[in-house]
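Each chain gets a letter, A, B and so on, in the order the sequences are listed, and its residues count up from 1.
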Amino acid sequence: MAETDGGSPTKIARGLLEARLILITGKGGTGKTTFASALALLAALRGKRVLLLEIDSQRPALTPVFGVAPTYEPQQIRDNLEIANLTWQEALQSFLASLVPSRRIVRLILSNRMVGRFLDFTPGSREIVTLSVLGDRVGDYDLVIADLPASGHAFSLLDITRSAMGLFRSGPVRHRAEELRELLTSPTTRMVLVSLPEEMVVNETIETYQKLDRYELISRPPVVFLNRATLPTFTDEERTLLGRLCNSELSPLADEFVRAGRWEDELEQATAASQARLLETLPEPPLLVPPAPPGGIPREVVGSVATHLGRLVGISRRELRWE
Amino acid sequence: MGVTRFNMEAWLDRTNLVVCVGAGGVGKTTTAATLGLCGALRGRRVMVLTIDPARRLANSLGLKNIGNEQTQIDLEALGLSTDGELWAMMLDSRSTFDGLITRVSPDEVSRDRILNNHVYRHMADTFAGSQDYMATETLYDLVDSGSYDLIVLDTPPVKNALDFLESPGRLINFMDERVLRWFLHPYDANAVFGGKLMMGTSAVVFRLLAYVFGRDFLEDLATFFQDFQGLYEGFVARNDAVVKLFRDPGTSFVTICAPTESSLDVAVFFQEELKRRELPRGGIIVNQVHTCEGEQHDAKEILGALTRTLSEDLSPNTAATLLARLGMAHRRLRALGQAEAALARRVRACGAGGGFYQEIPRLDGNVHDLESLHEVGRRLLVPADVL
């Protein structure tokens with residue numbers, strides 16, 4: 001395993017923004033898009049030209065965040081920040097165009113029904129083409145942030161760079177797979193895993209890390225965000241008293257308060273347990289991010305997370321000009 | 001008021017196949033396991049089948065691992081007697097695929113030729129969609145075996161579409177004879193086409209594919225399809241049977257979500273998709289709902305005296321600081337409950353006419369053993385709202 005950034009949340013967060021390519025994944029519902037968007041906003045404010053993209057989404061998650069549906073061609077949505085959706089058809093077109101000089105021939109290939117079926121089914125062709133176009137974008141920006149699918153599918157996507165070696169033994173696709181593997185393991189490429197203080201989510205985070213590490217798809221430790229973390233506030237004595245209240249006869253109204261207290265206490269303990277498990281299995285400590293206020297629309301949730309991460313990298317809420 | 005309620009027990013008793021759909025992270029696997037357990041406790045022979053690449057089903061059944069084999073879950077730990085059985089299985093696409101090839105191959109030589117083919121090995125191992133093909137294969141086998149009264153299918157977390165319903169169609173599309181013939185003829189030694197068919201567009205396109213993907217790869221692919229050709233009819237027949245099964249009145253698609261903006265968005269989308277495809281909608285389950293009924297009250301007024309009595313041996317401030325914390329926690333929980341209720345109204349509206357609507361309150365602690373599943377099950381089977 002490669003070197004770590006040595007501990008402190010500030011160092012880890014600042015180090016992350018030095019990357020050229022950030023790949024974000026995590027179990028479904030953990031907040032991948034939120035973190036991708038928040039990091040993109042912060043990097044753009046630090047003066048980097050940023051491209052934030054989704055991979056072949058039929059219903060882009062970035063739409064409710066920025067109020068604009070991302071298209072294949074990057075669109076600028078604020079200073080230094082562009083968003084895009086790497087749709088498969090368009091990705092294929094530009095992939096072929098990069099290999100075949102004649103536009104007419106590219107059109108000929110794309111309009112052939114058999115080719116459509118061939119590519120639809122051929123294992124790995126979709127993944128390689130999409131990743132390849134993603135790789136091409138990296139040179140055009142200071143930072144590309146990719147909001148990948150949920151961890152199982154994201155792993156299949158990245159792993160294609162390895163399995164393609166056995167599958168495609170010659171030709172440009174093979175060559176692209178080799179280049180992409182180099183890109184994934186480059187020291188300026190960082191993996192971000194978004195996790196939650198829940199046992200099963202933490203398990204999946206750990207499994208994802210172990211698989212990426214085992215198959216050498218990463219060269220640096222992933223940055224793990226423990227989202228919706230509740231920091232400890234209860235003192236031992238308060239917890240003792242809460243326990244005594246739980247064992248007492250309570251009116252329904254009093255019970256509501258005690259139940260709320262137990263809920264909060266459990267959230268704190270779940271956070272502490274998740275943090276401990278991540279600490280013992282991952283090379284770097286997770287960064288804890290508190291929950292956004294309830295009922296927030298995606299844009300507000302992004303604002304809340306960006307504000308929190310902004311503190312780590314020295315960007316104030318005012319500079320963010322977001323909510 | 002005499003509002004009609006939806007009888008969840010009767011629904012579960014008359015259903016033979018439950019397909020759980022929804023976004024990731026909403027407790028879909030736990031709900032599938034719970035429905036399975038409920039069915040078993042009601043005396044039925046139940047199989048819970050997950051095609052989720054993560055090992056969540058095993059987790060929620062309190063097991064370390066469940067493999068590609070049908071595994072019976074020991075219900076005695078619950079101390080409840082039932083004639084029913086609970087089985088679970090996690091789809092491993094590689095073993096299922098290998099099993100399928102072994103079954104349909106005419107002899108050992110052709111079997112080994114397919115199993116050792118580069119393309120086959122990569123397709124079975126790494127192709128993201130192969131799980132979906134195999135899910136329908138396995139489902140077909142399980143139904144065909146007649147061993148189960150109820151099958152609960154937990155689908156992978158796809159956010160875009162009911163992909164797993166479509167993938168077998170994609171395979172069949174490709175295996176279509178015309179496509180195969182087009183694709184195979186440059187490699188078919190017996191074909192007589194003397195350059196005529198391969199002139200023009202086809203030849204150009206083919207040469208380009210060979211250039212882009214490499215000639216070796218196309219040859220591997222051709223060998224694979226030549227060997228696979230004989231299996232085509234079997235695939236079509238099985239796929240047709242599964243498509244019919246999905247439309248059967250004994251089948252119920254249940255949309256599962258959590259009270260969060262993003263998962264409800266996906267739930268709304270699934271409702272639309274199920275309607276569009278005319279698939280039987282069983283209902284909607286909203287998991288992990290926070291409830292906090294109480295009005296805004298002063299914690300000190302309600303709990304002041306009791307906390308003082310209970311904290312006599314603790315530091316002097318403990319009662320006061322805990323009360324402040326309880327007040328804050330209560331406000332937070334109420335705000336959360338209200339925000340969730342507002343979100344839930346949206347998904348209810350789009351589910352109209354589609355079976356039941358059931359909210360499951362959030363349980364204290366993680367659900368990862370049979371007892372807590374049983375607890376969730378009790379809440380799941382209480383009469384629900386009618387959509």
Worksheet item: With distance as the sole test, does E237(A) use its side chain to make a donor-acceptor pair with the main-chain N or O of S315(B) at under 3.5 Å?
Response: yes
Discussion item. Show, in sequence, the C-alpha distance, side-chain angles and deciding distance for T235(A) and T321(B), and conclude whether the side chain to side chain contact (heavy atoms under 4.5 Å, CB included) test is met.
Written reply: CA-CA 10 Å; T235(A) 65; T321(B) 55; 5.7 Å; no
Fill in: Segment of T260(B) engaging chain A (4.5 angstrom heavy-atom cut-off)
neither
Practice prompt. Could you have a look at V173(A), V258(A), L241(A), V201(A) and say which one has the most heavy-atom pairs with chain B under 4.5 angstrom?
Written response: L241(A)
Worksheet item: In this structure, which one of N317(B), L326(B), T318(B), L323(B) forms a side chain to side chain contact (heavy atoms under 4.5 Å, CB included) with E238(A)?
Response: T318(B)
Worksheet item: Tell me, do R259(A) and T291(B) make a side-chain contact under 4.5 Å, heavy atoms counted?
Response: yes
Worksheet item: What are the two closest heavy atoms between S170(A) and D216(B), and how far apart are they?
Response: OG-OD2, 3.4 Å
Worksheet item: Shortest non-hydrogen contact from L310(B) to S248(A)?
Response: CD1-OG, 3.5 Å
Worksheet item: Does the pair E219(B)/R169(A) count as a salt bridge with the N-to-O cut at 4.0 Å?
Response: no
Fill in: Pi-cation contact, F269(B) with R59(A) (under 6.0 Å, within 45°)
yes
Item to complete: Select, from V212(B), V26(B), D265(B), the one with the greatest count of heavy-atom pairs under 4.5 Å involving chain A.
Response: V212(B)
Worksheet item: Which is it for L322(B) and F234(A) under the side chain to side chain contact (heavy atoms under 4.5 Å, CB included) test, yes or no, and what are the steps along the way?
Response: CA-CA 8 Å; L322(B) 181 68; F234(A) 282 95; 3.7 Å; yes
Worksheet entry | Closest-packed option against chain A by number of heavy-atom pairs under 4.5 Å, given G337(B), A342(B), S311(B) | S311(B)
Worksheet, complete the sentence: If one checks every heavy atom of L196(A) against chain B at 4.5 Å, the contacting part turns out to be neither
Worksheet item: In terms of heavy-atom pairs under 4.5 Å, which option from S251(A), A254(A), P293(A), A270(A) contacts chain B the most?
Response: A254(A)
Worksheet item: Would you call L250(A) and L306(B) a side-chain contact if the rule is heavy atoms closer than 4.5 Å?
Response: yes
Worksheet item: If you draw a 6.0 Å radius around CZ in R214(A), do more than 12 non-hydrogen atoms from other residues or ligands fall strictly inside?
Response: yes
Discussion item. Given 3.5 Å as the limit, does a donor-acceptor pair link the side chain of R325(B) with the main chain of T233(A), or not?
Written reply: yes
Worksheet entry | Residue L303(B) versus chain A: region with a heavy atom under 4.5 Å | side chain
Practice prompt. Kindly indicate whether the side chain of F213(B), heavy atoms from C-beta on, has any atom under 4.5 Å from the side chain of R174(A).
Written response: no
Worksheet item: What residue, out of P149(A), G171(A), G261(A), P172(A), has the most heavy-atom pairs lying under 4.5 Å from chain B?
Response: P172(A)
Discussion item. Tell me whether the count of non-hydrogen atoms from other residues, nucleotides or ligands lying under 6.0 Å of CZ in R308(B) goes above 12.
Written reply: no
Worksheet entry | Salt-bridge contact R244(A)-D313(B) (side-chain N to carboxylate O under 4.0 Å) | yes
Fill in: Spacing of M328(B) atom CE and E264(A) atom CD [to the nearest 0.5 Å]
7.0 Å
Response to the item:
When every non-hydrogen atom of P294(A) is compared with those of L336(B), the smallest separation belongs to CB-CD1, 3.4 Å
Discussion item. Is L343(B) in contact with chain A via its backbone, its side chain, both, or neither, using a 4.5 Å heavy-atom distance?
Written reply: neither
Discussion item. To check you understand the geometry: which heavy-atom pair defines the closest contact between F257(A) and I302(B), and what is its length?
Written reply: CE1-CD1, 3.7 Å
Worksheet item: What class does the angle between the rings of F168(A) and F217(B) fall in, given that below 30° is parallel, 30 to 60° is tilted and above 60° is perpendicular?
Response: tilted
